[in-house]
**Student:** 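My questions all concern the structure below.
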Protein chains: 2
Amino acid sequence: MITEPIDVLKALSDFGRLRVLKSLERKSLCVCEITELIGLATSTVSSHLNVLKNAGLIVDEKQGKWINYKMLPSPAPFFHEIWPIISKHLDDNPVIQQDLSKVASVDRKKICSNA
Amino acid sequence: MITEPIDVLKALSDFGRLRVLKSLERKSLCVCEITELIGLATSTVSSHLNVLKNAGLIVDEKQGKWINYKMLPSPAPFFHEIWPIISKHLDDNPVIQQDLSKVASVDRKKICSNA
DNA sequence: CAAACATTTCGATAATTTTAGAAATGTAAT
DNA sequence: ATTACATTTCTAAAATTATCGAAATGTTTG
């Protein structure tokens, strides 16, 4: 499945998905952690993750009950070249800054399950 | 009017608009030339041009009966950094290649008005 | 001024996308 | 195996976007 630049750009054209990517840049996260971080319904987050996955930007790996999502170590050239620039400029955004200040302390043990 | 990265990315998330930008990179064009090149209705092209203009990617300048659109000489940093990469990768696309092979010979005297 | 014509705006429709709740799936632990 | 729970899939609704034709705008030229 070849990913055209336009497909990557479409995947990057939603602010929620940019927030997810910026957070995943810091560390791998499961769906419920991302849901907590972004504040959207679980099914919506799952849908966004699927878009990012289909565009070849992230991968998932099962870890017991959870599914961890993380950025691709070696993404296709287009995304590999373009992402650092986008990432850098997103750092100016207050919402992103808030996300990043929270992401380090997000803990699935606390936020998922026994709420 | 400050343009956030997400606004630029949204403007870049439509293939028709990417075709317009690639063509404008070669030379300034009026709406009817772009319409001929891209094959969409004039009003649709005008709408796309407006999106690109609002995102700060292109400017227009009146030239008599026509309005020439062209890329900004000094766009905001985000687009300035990101566009060369996108542009380079779009060169692989057959539709873009076809557009670029036509753009040099597009002539408003022939395609507009006296059709 | 009137006719010609490039472009924009308006109005309406089709298509796509985002969203969320409910049901389904799959894994883990008791 | 039954319960608990993370995630996905399904379904439907709301929101946004792309598209076009017709009317409106503004400029040029006869």
Side-chain angles (χ1 to χ4, degrees), chain A residues 4 6-21 24 28-55 58-70 95 106-115, chain B residues 4 6-21 24 28-55 58-70 95 106-115:
Chain A
E4 295 288 324
I6 182 62
D7 300 314
V8 174
L9 290 171
K10 275 184 196 293
L12 295 173
S13 71
D14 179 272
F15 188 58
R17 288 196 289 268
L18 293 179
R19 293 174 69 188
V20 171
L21 284 176
L24 289 180
S28 298
L29 296 165
C30 69
V31 178
C32 69
E33 287 172 323
I34 298 170
T35 300
E36 169 75 11
L37 215 48
I38 308 297
L40 292 172
T42 314
S43 59
T44 304
V45 169
S46 181
S47 163
H48 282 313
L49 288 168
N50 196 45
V51 171
L52 294 172
K53 197 170 111 179
N54 287 336
I58 63 174
V59 287
D60 56 357
E61 51 185 9
K62 288 210 170 70
Q63 185 205 338
K65 191 159 49 173
W66 292 282
I67 300 180
N68 286 333
Y69 281 89
K70 59 176 188 179
V95 178
V106 163
D107 183 4
R108 71 190 57 174
K109 298 283 173 52
K110 288 178 185 162
I111 56 177
C112 310
S113 67
N114 45 331
Chain B
E4 295 288 323
I6 182 60
D7 299 316
V8 174
L9 290 171
K10 275 184 196 292
L12 295 173
S13 70
D14 179 273
F15 189 57
R17 287 196 288 268
L18 294 178
R19 293 174 67 188
V20 171
L21 284 176
L24 289 181
S28 298
L29 296 165
C30 68
V31 177
C32 69
E33 288 172 323
I34 297 170
T35 300
E36 169 74 12
L37 215 48
I38 308 296
L40 292 172
T42 313
S43 57
T44 304
V45 169
S46 181
S47 164
H48 281 314
L49 288 167
N50 195 44
V51 171
L52 294 172
K53 198 170 108 178
N54 286 336
I58 63 175
V59 286
D60 56 357
E61 51 185 9
K62 286 206 171 71
Q63 185 204 339
K65 190 160 47 175
W66 292 283
I67 300 181
N68 286 333
Y69 281 90
K70 60 176 189 180
V95 177
V106 163
D107 183 4
R108 72 189 58 176
K109 297 284 175 54
K110 289 178 185 162
I111 56 176
C112 308
S113 67
N114 46 331

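These values consider heavy atoms only, across backbone and side chains, with no hydrogens, waters or symmetry-generated copies. The chains referred to below are lettered A, B, ... by the order of the sequence lines, with proteins before strands, and numbering in each begins at 1.
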**Student:** Let me know the distance between CG of B:L40 and P of C:dA14, rounded to the nearest Å.
**Tutor:**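 Atom-to-atom, B:L40 to C:dA14, this comes out as 18 Å.
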**Student:** Between A:Y69 and D:dA6, is there a contact of a side-chain N or O with OP1 or OP2 at under 4.0 Å?
**Tutor:**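 Answer is no, no contact under 4.0 Å.
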**Student:** Expressed in angstrom and rounded to an integer, what is the separation of A:N68 atom CG from D:dT8 atom P?
**Tutor:**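 Value for this atom pair: 11 Å.
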**Student:** I need the A:L9 CG to B:D14 CG distance, nearest 0.5 Å.
**Tutor:**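 Reported to 0.5 Å precision, the distance equals 11.0 Å.
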**Student:** For the pair B:T35 (side chain) and B:V31 (backbone), establish whether a donor and an acceptor sit closer than 3.5 Å, ignoring hydrogens and angles.
**Tutor:**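 Yes.
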**Student:** Does a donor on one side chain sit under 3.5 Å from an acceptor on the other, for B:E61 and B:N68?
**Tutor:**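 Judged by distance alone, the side chains do not pair up.
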**Student:** Quick one: is C:dT19 close enough that its OP1 or OP2 comes under 4.0 Å of any side-chain N or O from A:H48?
**Tutor:**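 Answer yes for this pair, as a side-chain N or O of A:H48 is under 4.0 Å from OP1 or OP2.
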**Student:** Could you tell me the separation between the CD1 atom of A:I58 and the P atom of D:dT7, rounded to a whole number of Å?
**Tutor:**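 Going from CD1 in A:I58 over to P in D:dT7 covers 13 Å.
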**Student:** The side chain of B:W66 is closest to which nucleotide in this list: C:dT19, D:dT8, C:dT7?
**Tutor:**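 Selected nucleotide: C:dT7.
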**Student:** What's the separation between atom CG in B:L49 and atom CG in B:L24, rounded to the nearest 0.5 Å?
**Tutor:**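 Reported to 0.5 Å precision, the distance equals 7.0 Å.
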**Student:** Would you kindly compare A:S47 and B:S47 by the position of their nearest DNA chain C nucleotide and give the one closer to the 5′ end?
**Tutor:**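 The residue mapped nearer the 5' terminus is B:S47.
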**Student:** Nearest whole angstrom, please: distance from the P of C:dA6 to the CG of B:L29.
**Tutor:**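 For the pair B:L29 CG and C:dA6 P, the rounded distance is 15 Å.
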**Student:** Whole angstroms only, please: what is the CZ-C1' distance between A:R108 and D:dT7?
**Tutor:**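 Between C1' of D:dT7 and CZ of A:R108: 12 Å.
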**Student:** Can you tell me how far OG of B:S13 sits from CG of B:L18, rounded to the nearest 0.5 angstrom?
**Tutor:**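 Taking CG in B:L18 and OG in B:S13, the distance rounds to 8.0 Å.
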**Student:** Can you check the B:K53 NZ to C:dT7 P distance for me, whole Å?
**Tutor:**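 The answer, rounded to whole Å, is 13 Å.
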**Student:** Would you please name every residue forming a side-chain contact (heavy atoms from CB on, under 4.5 Å) with A:V95, sequence neighbours left out?
**Tutor:**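 Applying side-chain contact (heavy atoms from CB on, under 4.5 Å) to A:V95 gives A:F15, A:R19, A:N93, A:D99.
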**Student:** Applying salt bridge (Lys or Arg N to Asp or Glu O under 4.0 Å), name anything that partners B:R17, two or more places apart in sequence or on another chain.
**Tutor:**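 Per chain and number, B:R17 pairs via salt bridge (Lys or Arg N to Asp or Glu O under 4.0 Å) with no residue.
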**Student:** Under the rule for side-chain contact (heavy atoms from CB on, under 4.5 Å), what residues qualify as partners of B:D60, not counting sequence neighbours?
**Tutor:**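 Partners of B:D60 by the side-chain contact (heavy atoms from CB on, under 4.5 Å) criterion, ordered by chain and then number, come out as B:K53, B:I67, B:Y69.
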**Student:** Can you give one letter per nucleotide of nucleotides 21-27 of chain C, going 5' to 3': B for a protein heavy atom under 4.0 Å from the base, S for sugar-phosphate only, - for none?
**Tutor:** BB----S
**Student:** Please name all residues satisfying side-chain contact (heavy atoms from CB on, under 4.5 Å) with B:V106, sequence neighbours left out, ordered by chain then number.
**Tutor:**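 Applying side-chain contact (heavy atoms from CB on, under 4.5 Å) to B:V106 gives B:E33, B:L37, B:I111.
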**Student:** Please list, by residue number, the residues of residues 9-17 of chain B whose heavy atoms come closer than 4.0 Å to an atom of DNA chain D; answer none if no residue qualifies.
**Tutor:**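 Correct list: B:D14, B:R17.
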**Student:** Rounded to the nearest Å, what distance is computed from the CG atom of residue B:N54 to the P atom of nucleotide D:dT17?
**Tutor:**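 Whole-Å distance recorded here is 12 Å.
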**Student:** Round to a whole Å and report the spacing from CG of B:L49 to C1' of D:dT17.
**Tutor:**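 So the CG-C1' distance, B:L49 to D:dT17, works out to 16 Å.
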